[in-house]
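For reference, the structure discussed in these notes is given below.
Here the structure is a predicted model, which is why all the values come from computation and not from measurement.
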Amino acid sequence: MTDTRRTDAVLLLVALVWGSSYLSAQTAAAALPVLTVLFARYALSSLACLGLVAARRSRWSRDELRAGVPLGLTQAAVLVVETYGVAHTTAANAGLIISLTIVLTPLLDRSGHPGGLPPSFYAGAGVCVLAVGLLMSGNGFHAPRSGDLLMLAAAGVRAGHVALVGRLTTRRAVRPVHLTAVQTLVGTVLFLPVAAADLPELGRASGATWAQLFYLALLCSVFAFLAQTWAVQRTSASRASLLLGTEPVWAALVGVTLAGDHFTPLTALGAALMVAGTYWGQAVERRHRGAAARMPEEPALRPGIPAEPPAAPRRDSPATAQAGPG
């Protein structure tokens with residue numbers, strides 16, 4: 001296997017893992033209270049991240065702590081809304097609707113877009129809005145399920161989180177593993193008091209439930225994040241974005257094949273439009289950002305525009321934001 005194919009395979013594996021996370025979260029939330037699931041996920045992730053930090057024998061920088069604490073709070077907010085949402089809708093719908101993050105993020109993070117986004121981006125976003133309506137329609141147009149509305153809210157909250165990541169980490173000495181460790185510690189401390197009463201129930205959870213929790217913590221969070229960081233250093237941002245953008249496709253396939261989710265003609269059309277709309281919007285935004293980066297620097301006219309993302313962008317970098325849970 002060539003290095004290019006190996007890198008592509010790793011990125012596709014990351015997209016598959018993120019796409020399958022919605023079914024895992026749904027299964028775990030069916031066995032345990034949502035907040036207990038989140039505490040266990042954060043606690044297991046933090047232990048793994050602390051082990052990686054300790055292996056490097058390095059301390060956290062002030063920038064990592066200053067960015068990690070607020071980002072830990074916003075990330076926790078994302079996962080609360082997202083996990084409650086996936087507990088009340090299908091895994092396929094959850095993975096497709098949350099992919100709205102890809103087109104919502106550039107609307108909140110205007111850095112790299114002097115003069116605003118081109119009209120074609122808003123056309124792609126409009127296709128996504130139509131797709132959401134079809135996904136929520138089920139067998140016909142009726143009141144949407146609460147889970148679909150929560151996933152819609154989660155996409156908005158996640159887009160805000162992604163924009164904040166760019167604002168707090170640009171031009172700062174922030175190492176991905178150290179930043180992730182701070183965020184997982186914040187989430188663990190945040191969810192411990194609300195989950196404390198249910199810890200005995202967590203201890204009595206079945207082996208299958210614990211398997212889902214370990215999968216969410218170690219594979220969907222720690223492994224996927226580190227694998228993505230490794231892979232994007234070995235390929236172009238456009239290629240990485242294209243491969244990671246297959247996440248909603250995997251979410252739909254996992255939901256249909258493993259969870260028994262069913263698409264009606266309307267929801268199937270919505271799924272196709274969602275994938276097409278997010279790819280369209282993502283491609284337009286990427287071209288526009290690249291064109292802006294090639295423009296001569298005009299500090300007096302464009303104050304406060306952050307530097308371009310580093311060669312190894314983070315999972316939550318505005319330029320490469322994906323929908324998978326953090």
Side-chain angles (χ1 to χ4, degrees), residues 11 14-15 17-22 25 71 74-86 89 91-113 117 121-122 124-133 135-136 147-169 183 220-221 224-225 228 232 237 240-252 270-271 273-286 288-289 309 313-326:
L11 288 169
V14 171
V17 167
W18 282 343
S20 66
S21 66
Y22 304 101
L71 291 177
T74 55
Q75 185 186 63
V78 171
L79 287 181
V80 167
V81 181
E82 184 179 292
T83 309
Y84 273 112
V86 76
T89 187
N93 264 23
L96 289 162
I97 293 174
I98 197 68
S99 64
L100 272 175
T101 301
I102 295 172
V103 294
L104 290 176
T105 300
L107 299 176
L108 299 177
D109 175 50
R110 305 306 293 269
S111 62
H113 305 120
L117 290 158
F121 176 85
Y122 294 98
V127 171
C128 293
V129 172
L130 175 61
V132 170
L135 287 169
M136 290 181 175
D148 293 331
L149 293 175
L150 285 170
M151 294 309 300
L152 189 59
V157 178
R158 182 174 288 279
H161 168 74
V162 171
L164 187 62
V165 169
R167 181 170 299 182
L168 294 180
T169 61
Q183 292 180 83
C220 299
S221 296
F225 177 82
Q228 184 217 18
V232 295
S241 183
L242 179 68
L243 294 169
L244 291 171
T246 61
E247 178 192 338
V249 177
W250 294 114
L273 288 176
M274 178 62 78
V275 174
T278 53
Y279 266 89
W280 183 11
Q282 189 179 48
V284 171
E285 191 274 343
R286 189 168 58 246
H288 190 260
R289 182 181 288 273
R314 298 171 301 277
R315 170 183 173 184
D316 288 318
S317 164
T320 58
Q322 300 300 321

Gly270 to Ala131 - nearest heavy-atom pair and separation: O-CB, 3.2 Å
field: Spacing of CG belonging to Leu117 relative to CG belonging to Leu107, to within rounding of 0.5 Å
entry: 6.5 Å
- request: Looking only at non-hydrogen atoms, find the nearest pair between Val86 and Ala25 and report the distance.
  value: CG1-CB, 4.0 Å
field: Results of side chain to side chain donor-acceptor pair (under 3.5 Å) for Thr89 - residues two or more places apart only
entry: Asp148
message: For the CG atom of Leu168 and the NE2 atom of His161, what is their distance to the nearest 0.5 Å?
response: 10.0 Å
task: With the side chain counted from C-beta on, respond yes when Val103 and Phe121 share a heavy-atom pair under 4.5 Å apart, and no when they do not.
output: yes
- prompt: When rounded to the nearest 0.5 angstrom, what distance separates CG in Leu244 from CG in Leu11?
  reply: 5.0 Å
message: When you compare the side chain of Val284 with that of Tyr122, does any pair of heavy atoms fall below 4.5 Å?
response: no
- request: Quick one: closest heavy-atom pair of Tyr22 and Ala251, and the distance?
  value: CD1-CB, 4.0 Å
message: If the condition is side chain to side chain contact (heavy atoms under 4.5 Å, CB included), which residues does Ala155 pass it with, not counting sequence neighbours?
response: Ile98, Leu100, Thr101, Leu104
- prompt: So, do Leu96 and Val275 sit near enough that their side-chain heavy atoms are less than 4.5 Å apart?
  reply: yes
task: May I ask you to test the Met274-Ser99 pair for a side-chain heavy-atom distance under 4.5 Å?
output: yes
- prompt: Looking at side-chain heavy atoms only, is the closest gap between Leu79 and Arg158 below 4.5 Å?
  reply: yes
field: Which residues share a side chain to side chain contact (heavy atoms under 4.5 Å, CB included) with Ser20, sequence neighbours left out
entry: Tyr215, Val254
field: Test log, rule side-chain contact (heavy atoms from CB on, under 4.5 Å), inputs Val78 and Glu82
entry: CA-CA 6 Å; Val78 171; Glu82 184 179 292; 4.1 Å; yes
task: Examine distances only and state if a side-chain atom of Trp18 and a backbone atom of Cys220 form a donor-acceptor pair shorter than 3.5 Å.
output: yes
- prompt: Out of curiosity, Thr246 OG1 to Tyr279 OH, how far, rounded to the nearest 0.5 Å?
  reply: 5.0 Å
Closest non-hydrogen atom pair, Leu273 against Val127: O-CG1, 3.4 Å
- prompt: Out of curiosity, Ser221 OG to Gln75 CD, how far, rounded to the nearest 0.5 Å?
  reply: 7.5 Å
message: Looking at Ile102, is its backbone amide N or carbonyl O close enough to the side chain of Thr105 to form a donor-acceptor pair, meaning the two atoms are under 3.5 Å apart?
response: no
